[in-house]
Q: 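Have a look at this one before I ask anything.
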Amino acid sequence: MILIGQYDSPFVRRVGVALTLYDMPFEHRPWSVFGDGDKIRAYNPLMRVPTLVLDNGDVLIESHAILDYLDNLVGAERAMFPIEEPARHRAIKIASLASGLADKAVSLIYELRLHGEKSDIWMERCRNQISGVLAALEADRKRLDAPYWLGSSIGHADIFVATALRFLSEAHPGLVDMATYPALKAHAERLEALPAFKTIYQPFDAPV
């Protein structure tokens, strides 16, 4: 398999971490949606990452869809999204909040760096959405005693929260004081210490 996209994207990184934890061999092509758009277009007309090229040449896009495919490959016993309810919808909810967090952080980058005229209203809305998601995730994580969101085993929700938080802190330094969110801070630090997270990492590089 070929994973296309830079690891400074939390969406690409969550897929890279999952592939690594699943012990699935893959080739990584760290192409940028800005500098390497034509290369990506050959596989994905949306020119978005992550893009996963399967061994048979088929192409998957969007991180959640890619992880759903990987979960089916490894089977229910190893899948990092639970199969049974209510654990499944809880994990999907946390992952969806992390996705929104990452998406709003990306939106702020575009507004700050790529738009000639910035919208203060839009930026404030993004900041409010980010703080709202952080508060919701903090409250949920604080009430849990387990090392991971759904117990003793790492899941896609855990991974996405950690990659989103790392991206937020590097793309927007000073925007959020993580000391305000001690449960999330501890969660992210625990995961970032894992070998897969150390291997699948690239410092944020702002688009120009």
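Counting from 1, the numbers follow the sequence of the chain as shown. This structure is a prediction, so every number in the text was calculated from the model and none was measured.
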Q: Checking Arg48 side chain against Glu62 main chain: does a donor-acceptor pair fall under 3.5 Å?
A: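 Such a contact is absent between Arg48 side chain and Glu62 backbone.
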
Q: Taking all non-hydrogen atoms of both residues, which atom of Ser32 and which atom of Ile40 are closest, and how far apart?
A: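 Result for this residue pair: O-CD1, 3.7 Å.
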
Q: Under the criterion salt bridge (charged side-chain N to carboxylate O under 4.0 Å, His left out), I'd like the reasoning laid out for Asp36 against Arg29: C-alpha separation, chi angles, the key distance, then a yes or no.
A: CA-CA 10 Å; Asp36 304 298; Arg29 296 185 184 174; over 6 Å; no

Q: Spell out, as yes or no, whether a donor-acceptor pair under 3.5 Å connects the side chain of Gln129 to the backbone of Leu101.
A: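 It does not hold such a pair.
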
Q: Where do Ala157 and Ala91 come nearest, in terms of heavy atoms and distance?
A: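 Closest heavy-atom pair between Ala157 and Ala91: CB-O, 3.6 Å.
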
Q: Tell me, do Ser169 and Val176 make a side-chain contact under 4.5 Å, heavy atoms counted?
A: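 When only atoms from C-beta onward are counted, Val176 and Ser169 do not touch, as no gap falls below 4.5 Å.
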
Q: Tell me, with the steps shown, if Val59 and Leu54 meet side chain to side chain contact (heavy atoms under 4.5 Å, CB included).
A: CA-CA 6 Å; Val59 177; Leu54 306 184; over 6 Å; no

Q: Counting N and O atoms only, with roles assigned by atom type, does the side chain of Glu111 sit under 3.5 Å from a partner on the main chain of Met123, one being a donor and the other an acceptor?
A: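 No, Glu111 side chain to Met123 backbone: no donor-acceptor pair under 3.5 Å.
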
Q: Quick check for you: to the nearest 0.5 Å, what is the distance between Glu192 atom CD and Thr163 atom OG1?
A: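 The OG1 atom of Thr163 is 8.5 Å from CD of Glu192, to the nearest 0.5 Å.
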
Q: Do Leu60 and Val53 touch side chain to side chain, with heavy atoms closer than 4.5 Å?
A: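 The answer is no; the side chains never approach within 4.5 Å.
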
Q: As an exercise, state the distance from OG of Ser63 to CD1 of Ile159, rounded to the nearest 0.5 Å.
A: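 Reported to 0.5 Å precision, the distance equals 11.0 Å.
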
Q: Could you tell me which non-hydrogen atom of Leu52 sits nearest to which non-hydrogen atom of Leu19, and how far apart they are?
A: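 Closest heavy-atom pair between Leu52 and Leu19: CD1-CD1, 4.4 Å.
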
Q: Side chains of Glu138 and Leu134: closer than 4.5 Å at any heavy-atom pair?
A: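 With C-beta onward as the side chain, the pair stays apart.
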
Q: Given 3.5 Å as the limit, does a donor-acceptor pair link the side chain of His172 with the main chain of Ala105, or not?
A: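 Yes; judged by distance alone, with no hydrogens or angles, the pair exists.
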
Q: Would you call Asp71 and His156 a side-chain contact if the rule is heavy atoms closer than 4.5 Å?
A: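 In contact.
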
Q: After noting the C-alpha distance and the side-chain angles of Tyr181 and Arg141, does the key distance pass the side chain to side chain donor-acceptor pair (under 3.5 Å) rule?
A: CA-CA 10 Å; Tyr181 308 98; Arg141 193 67 183 93; over 6 Å; no

Q: Check step by step if side chain to side chain contact (heavy atoms under 4.5 Å, CB included) holds for Asp140 and Leu144.
A: CA-CA 7 Å; Asp140 199 85; Leu144 303 173; 4.2 Å; yes

Q: Answer yes or no: is there a donor N or O on one side and an acceptor on the other, between the side chain of Asp8 and the main chain of Asp205, under 3.5 Å?
A: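 Present.
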
Q: Check whether any side-chain N or O of Asn72 sits under 3.5 Å from a backbone N or O of Tyr69 as a donor-acceptor pair, and report yes or no.
A: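 The answer is no, because no donor-acceptor pair under 3.5 Å joins these two groups.
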
Q: Check whether Ser9 reaches the backbone of Gln6 with its side chain - one donor and one acceptor, N or O, closer than 3.5 Å.
A: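 No, because the side chain of Ser9 does not come within donor-acceptor range (under 3.5 Å) of the backbone of Gln6.
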
Q: Apply side chain to side chain contact (heavy atoms under 4.5 Å, CB included) to Phe204 and Ile109, showing your working.
A: CA-CA 11 Å; Phe204 174 72; Ile109 291 171; 3.5 Å; yes

Q: Any side-chain heavy atom of Leu150 sitting closer than 4.5 Å to one from Asp158?
A: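 They are not in contact (no side-chain heavy atoms under 4.5 Å apart), so the answer is no.
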
Q: Mark yes or no for whether Arg13, through its side chain, and Phe197, through its backbone, hold a donor-acceptor pair below 3.5 Å.
A: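 Side chain of Arg13 to backbone of Phe197, a donor-acceptor pair under 3.5 Å: yes, one is there.
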
Q: Hey, is CZ on Arg88 packed in by over 12 heavy atoms from elsewhere, all under 6.0 Å?
A: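 Yes, because the 6.0 Å sphere around CZ of Arg88 holds more than 12 heavy atoms from other groups.
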
Q: Just how far is it from atom OG1 of Thr20 to atom CD1 of Ile200, taken to the nearest 0.5 Å?
A: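 If we round to the nearest 0.5 Å, Thr20:OG1 and Ile200:CD1 are 3.5 Å apart.
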
Q: Indicate the atoms forming the closest heavy-atom contact of Val33 with Met47, along with that distance.
A: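 For Val33 versus Met47, the nearest heavy atoms are CG1-O, 3.5 Å.
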
Q: To the nearest 0.5 Å, tell me how far Arg190 CZ sits from Lys185 NZ.
A: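 Answer rounded to 0.5 Å: 12.0 Å.
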
Q: Which distance, rounded to the nearest 0.5 Å, do you find between the CG of Leu175 and the OG of Ser131?
A: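 Nearest 0.5 Å value for the CG-OG distance: 8.5 Å.
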
Q: Run the numbers on Leu194 and Ile154 for side chain to side chain contact (heavy atoms under 4.5 Å, CB included), then give the verdict.
A: CA-CA 11 Å; Leu194 298 176; Ile154 192 171; 3.9 Å; yes

Q: Give a yes or no on whether Arg127 atom CZ has more than 12 heavy-atom contacts from other residues, nucleotides or ligands under 6.0 Å away.
A: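 For Arg127, atom CZ is crowded (more than 12 foreign heavy atoms under 6.0 Å).
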
Q: Going hydrophobic residue to hydrophobic residue with side-chain gaps under 4.5 angstrom, can you get from Trp122 over to Val106?
A: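 Shared cluster, no.
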
Q: Using 30° and 60° as the class boundaries, would you call the ring planes of His64 and Phe81 parallel, tilted or perpendicular?
A: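 It falls in the tilted class, 30° to 60°.
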
Q: Flag yes if Met80 and Ile83 sit in one hydrophobic cluster, no otherwise; membership is Ile, Leu, Val, Met, Phe, Trp, Tyr, and two members link when side-chain heavy atoms are under 4.5 Å apart.
A: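 Shared cluster, no.
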
Q: Hydrophobic clustering (ILVMFWY, side-chain heavy atoms < 4.5 Å, transitive) - are Tyr148 and Ile92 grouped together?
A: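 No, no single cluster joins them.
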
Q: Does the cation-pi check pass for Arg14 over Phe160, that is, NZ or CZ under 6.0 Å from the six-membered ring centre and within 45° of its axis?
A: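 Cation-pi check for Arg14 and Phe160: passes.
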
Q: I'd like to know if the side chain of Glu85 and the backbone of His89 have a donor-acceptor N/O pair within less than 3.5 Å.
A: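 Checked: pair present.
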
Q: What's the shortest heavy-atom distance between Gly5 and Val49, and which atoms?
A: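 Distance-wise, the nearest heavy atoms are CA-CG1, 3.6 Å.
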
Q: Counting only heavy atoms not in Glu27, do more than 12 sit closer than 6.0 Å to its CD atom?
A: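 Yes, CD of Glu27 has more than 12 neighbouring heavy atoms, counting only those of other groups under 6.0 Å.
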
Q: Tell me, please, whether Tyr201 has Arg166 positioned over its six-membered ring: NZ or CZ under 6.0 Å from the ring centre and within 45 degrees of its axis?
A: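 Yes.
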
Q: When rounded to the nearest 0.5 angstrom, what distance separates OG1 in Thr51 from CD1 in Ile4?
A: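 One finds 5.5 Å between OG1 of Thr51 and CD1 of Ile4.
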
Q: Grab the two heavy atoms, one from Ala196 and one from Leu21, that are nearest each other, plus how far apart they are.
A: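 Smallest heavy-atom distance, with atoms named: CB-CD2, 3.8 Å.
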
Q: Please check if atom CG in Leu73 has more than 12 non-hydrogen atoms from other residues, nucleotides or ligands closer than 6.0 Å.
A: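 Yes, CG of Leu73 has more than 12 neighbouring heavy atoms, counting only those of other groups under 6.0 Å.
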
Q: Should the pair Tyr43 and Trp31 be assigned to parallel (<30°), tilted (30 to 60°) or perpendicular (>60°) ring geometry?
A: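 Ring orientation, 0 to 90° scale: tilted.
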
Q: Count the heavy atoms belonging to other residues, nucleotides or ligands that lie under 6.0 Å from CG of Asp145, then report whether that count exceeds 12.
A: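 No, not enclosed.
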
